[in-house]
Amino acid sequence: DQQVKQNSPSLSVQEGRISILNCDYTNSMFDYFLWYKKYPAEGPTFLISISSIKDKNEDGRFTVFLNKSAKHLSLHIVPSQPGDSAVYFCAASGMGTGNQFYFGTGTSLTVIP
Amino acid sequence: DGGITQSPKYLFRKEGQNVTLSCEQNLNHDAMYWYRQDPGQGLRLIYYSQIVNDFQKGDIAEGYSVSREKKESFPLTVTSAQKNPTAFYLCASNPQGTGELFFGEGSRLTVL
């Protein structure tokens, strides 16, 4: 059973506009959430994270929002750049998960110049 | 520089052969992980280890084996019992209980 879900396999956005990537989770034991960016044939690189004690975390053009009651998080990229084109994975972990990390299926973002 | 090194980057194997993927880290991290990525799927956990000489099965451990004899090394063996071994394999590490996963560059295994 998929505990972390990314329901949009792909997203296309015009350069300079906002990209919003969504992620839902089912396990209430998760208390740490992460976003990774991945290019083909490479390992994922860490982008940004958020702890469950916060509802927002910002790092430059990237902002992650967490809605615990809805078990939903989102990654906002503003402004989007062509170099942002990649697959984005959300992941979740928690004290009750034995230090395991659970990943979504990914969203392929294309930023159109 | 500190990081995770996976080798080989590309590997071809005939059906029925075992193959071992190497993962070495110099980050002094306690926890290490092996994930598998298939097209259209997320990263699925094969095995993980939180300390030397101890490891646990992930969601898709069947047909795989690991060892953790040294803190910096966590090799994965893909055995002939693994029915669909062609995939992209990712090794990761994590300082125990904190922070994010750090990933290697991955190993692409193709079974001919």
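Here is how names work: the chains are called A, B, and so on, in the same order as the sequence lines, proteins then strands, and each is numbered from 1.
- Y33(B) and Y102(A) are assigned to two separate hydrophobic clusters, defined by single-linkage of ILVMFWY side chains at heavy-atom distances under 4.5 Å.
- Y35(B) approaches F101(A) most closely through the heavy-atom pair OH-O, 3.1 Å.
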Please report, to 0.1 Å, the donor-acceptor pairs under 3.5 Å made by any side chain of residues 9-19 of chain A, with sequence neighbours excluded.
from   : atom 1 : to     : atom 2 : distance (Å)
S19(A) : OG     : S80(A) : OG     : 2.6

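- Counting non-hydrogen atoms of other residues, nucleotides and ligands closer than 6.0 Å to NZ of K71(B) gives a total above 12.
- Highest contact tally toward chain B, considering only A91(A), S93(A), G43(A), is held by G43(A) [criterion: heavy-atom pairs under 4.5 Å].
- Of residues 44-52 of chain A, those residues lying under 4.5 Å from chain B by any heavy-atom pair are P44(A), F46(A).
- Of the two parts of L90(B), only the side chain, counted from C-beta on, holds a non-hydrogen atom closer than 4.5 Å to a non-hydrogen atom of chain A.
- Taken together through direct or relayed side-chain contacts under 4.5 Å among Ile, Leu, Val, Met, Phe, Trp and Tyr, V111(A) and F62(A) form part of one hydrophobic cluster.
- The distance from the CG atom of D59(B) to the CD atom of Q2(A) is 9.0 Å, given to the nearest 0.5 Å.
- For CD of E62(B), the number of neighbouring non-hydrogen atoms (other residues, nucleotides, ligands) closer than 6.0 Å is 12 at most.
- With rounding to the nearest 0.5 angstrom, the OG1 atom of T105(A) is 10.5 Å from the CG atom of L43(B).
- Of all residues spanning residues 79-89 of chain B, those with a heavy atom less than 4.5 Å away from chain A's heavy atoms are F88(B), arranged by number.
- With a 4.5 Å cut-off on non-hydrogen atoms, Q37(B) touches chain A through its side chain but not through its backbone.
- The cluster map of Ile, Leu, Val, Met, Phe, Trp and Tyr, joined by side-chain heavy atoms under 4.5 Å apart, puts V4(A) and L109(A) in the same cluster.
- Using a 4.5 Å cut-off between side-chain heavy atoms of Ile, Leu, Val, Met, Phe, Trp and Tyr, with links allowed through other members, V87(A) and I77(A) fall into different hydrophobic clusters.
- Looking at every heavy atom in both residues, L101(B) comes nearest to L34(A) through N-CD2, 4.4 Å.
- Residues of residues 45-52 of chain B that come closer than 4.5 Å to chain A, counting heavy atoms only, are L45(B), Y48(B), Q50(B), ordered by residue number.
- The local environment of NZ in K9(B) is crowded, with over 12 non-hydrogen atoms from other residues, nucleotides or ligands closer than 6.0 Å.
- The ring-ring contact (aromatic ring centres under 6.0 Å, His included) test with F103(B) singles out one residue from Y39(A), F89(A), Y36(A), and that residue is Y36(A).
- When hydrophobic clusters are built by joining Ile, Leu, Val, Met, Phe, Trp and Tyr residues whose side-chain heavy atoms come closer than 4.5 Å, directly or via intermediates, V64(A) is grouped together with F30(A).
- A41(A) and Y10(B) make their closest contact through CB-OH, 4.5 Å (heavy atoms, listed as atom of the first residue, atom of the second, distance).
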